[in-house]
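Step one of this worksheet: look at the structure below.
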Amino acid sequence: MEQQLTLVLLDSPKGAKNVETFEAASSSSSSSSVPSSSDHRHRTFVKFFLYFSLVALAYYFIISSFAVRSPISPTLPQSSSGNVSSAKCDLFTGDWIPDPSGPLYTNVSCHHIQDFQNCLLNGRPDVNYLFWRWKPRDCDLPRFSPSQFFASVKNKWWAFIGDSIARNHVQSLICILSQVEEVEEIYHDKEFRSKIWRFPSHNFTLSVIWSPFLLKSETSSNSDIQLYLDQLDHKWTVQYPKFDYVVISGGKWFLKTTIFHENNAVTGCHYCQGRNNLTDLGYDYSYRKTLNLLRDFVLNSNHKPLVLFRTTTPDHFENGEWNTGGYCNRTMPFKEGQANMKTVDDVMRDVELEVFQKFGKGFGLGSNIRLLDTTGMSLLRPDGHPGPYRHPNPFAGVKNKSNVQNDCLHWCLPGPIDSWNDVMVETTLNRERELYDLTG
């Protein structure tokens, strides 16, 4: 995989320079083998020609490399991290632009990548998906700085609450932070779904809590999920007073067959196919109930951490779903307007905006709730999923490749999900500092 990464880097200006230098050196070596009887003035001319050619090539590639990085306009205000930013800028409307610098870590430098998301190790042949960064339309997004992050969260506790996408996200954050300090895992549950880590030199605690519905839920003997729409999951609410920052999210679990309980009575279901004469109220009903309950809990709690609600993550299955032969084999991002969300994602996002949008994507609205609206930027990255590379050599011994199951929901690490941390930190820490500077 390191060889694959090297090949991509050779396509960049820096790599191209190295290739040209190698070829020129080879030519020089050939010319030095000319018999001593050759004309001395001819050898001198060749040497000067090669010298000035190399200087010209070096100058060309230096200029090309500089141009790729798009110089920042000096007329825009600078954030505390040195990049152009603004508290009024919509961080979540923009485009993915080429980034020759690549990710902040690799699957070699980070040891916390779950096997299912370790796309390079599992043999994904293309790596161009690693060389993009998110660019908001009206400002520049500062790149995540682990050292600045640690300085801001010393003695703090940051929690992620949700399903496997929340776990995917926290693993991305750990991979970035572990480039500065290695993390210690200090707790995991029996299923290794909920975990707590600590960065000792900064006394910073990070945790992920498995709570896919955010509510109390039980699985009955017939595999039906009993969902209690008026009770939040105590697994995370009892820990809530410890947290300084919380990233919480719902997701695709609400699409499963669920039986609804309210006020100690069964009130309906979703996708229950008329079971026990229950009324199918739909997944939007249970999702709206959940988010309203969550919102009221956060607003009414005496403890006031900063809470980010991360919006729904669209999948990119094409020609089927995960269990009907759906796949994702694209290798380039979409441009804005090239992709449409599926109906289920559209409905979930509408519910999220209905409940949380009034609290704003920024700050200063008198609430400790903010919206981490990653849906749009995620929709544009069909190339960032493991696809068939959920495990090593997925096509080995397989006659029909269409029979290999694809993952078009979770994200490769490293991959596009790393940019979620850029907007997360800008939404919280950087903009808090900016607001403090503005208000004195």
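All residue numbers in this chain count up from 1 along the given sequence. Treat the numbers as computed from the prediction; the structure is a model and nothing was measured.
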With rounding to the nearest 0.5 Å, note down the distance linking CD1 in Ile259 to CG in Leu229. 11.0 Å
Please round to the nearest 0.5 Å and tell me the distance separating atom CG of Asn203 and atom NZ of Lys156. 11.0 Å
Donor-acceptor contact below 3.5 Å, side chain [X] vs main chain [Y]:
X: Asn406; Y: Cys408; value: no
X: His270; Y: Leu255; value: yes
X: Trp96; Y: Met377; value: yes
X: Trp420; Y: Pro416; value: no
X: Ser152; Y: Gln148; value: yes
X: Lys195; Y: Arg167; value: no
X: Glu181; Y: Leu177; value: no

Does any non-hydrogen side-chain atom of [Y] lie less than 4.5 Å from one of [X]?
X: Trp158; Y: Thr428; value: yes
X: Gln357; Y: Asp373; value: no
X: Lys401; Y: Tyr327; value: no

Can you name the residues that form a salt bridge (charged side-chain N to carboxylate O under 4.0 Å, His left out) with [X], not counting sequence neighbours?
X: Lys135; value: none
X: Asp95; value: Lys335
X: Arg310; value: none

Only one of Tyr283, Trp236, Trp253 clears ring-ring contact (aromatic ring centres under 6.0 Å, His included) with Phe213; which? Trp253
Regarding Lys256 and Asp224, does a basic nitrogen lie under 4.0 Å from an acidic carboxylate oxygen? no
With a 4.0 Å cut-off, would you call Asp422 and Arg133 a salt bridge? no
Result of checking Thr313, Asp163, Asp345 against Lys252 for side-chain hydrogen bond (donor to acceptor under 3.5 Å, both in side chains): Asp345
Taking side-chain contact (heavy atoms from CB on, under 4.5 Å) as the criterion, tell me which of Asp383, Asn329, Thr331 meets it with Asp126. Thr331
Got a sec, which residues hit side chain to side chain donor-acceptor pair (under 3.5 Å) with Asn292, two or more places apart in sequence or on another chain? Arg295
When the ring centroid of His303 is compared with that of Tyr240, is the distance short of 6.0 Å? yes
For the residue pair Thr267 / Glu262, report whether a side-chain donor-acceptor contact shorter than 3.5 Å exists. yes
Between the side chains of Asp230 and His261, is a donor N or O closer than 3.5 angstrom to an acceptor N or O? no
For Ser178, all residues meeting side chain to side chain contact (heavy atoms under 4.5 Å, CB included), sequence neighbours excluded: Cys110, His112, Glu182
Please list all pairs meeting side-chain hydrogen bond (donor to acceptor under 3.5 Å, both in side chains) that have one or both residues in residues 410-419, counting only residues at least two apart or in different chains. Tyr105-Asp418, Ser164-His410, Ser172-Asp418, Asp407-His410
Hey, what's the ring geometry for Phe204 with Phe199, parallel, tilted or perpendicular (30° and 60° as the breaks)? parallel
Give the ring-plane orientation class for Phe356 versus Phe309, where under 30° counts as parallel, over 60° as perpendicular and anything between as tilted. parallel
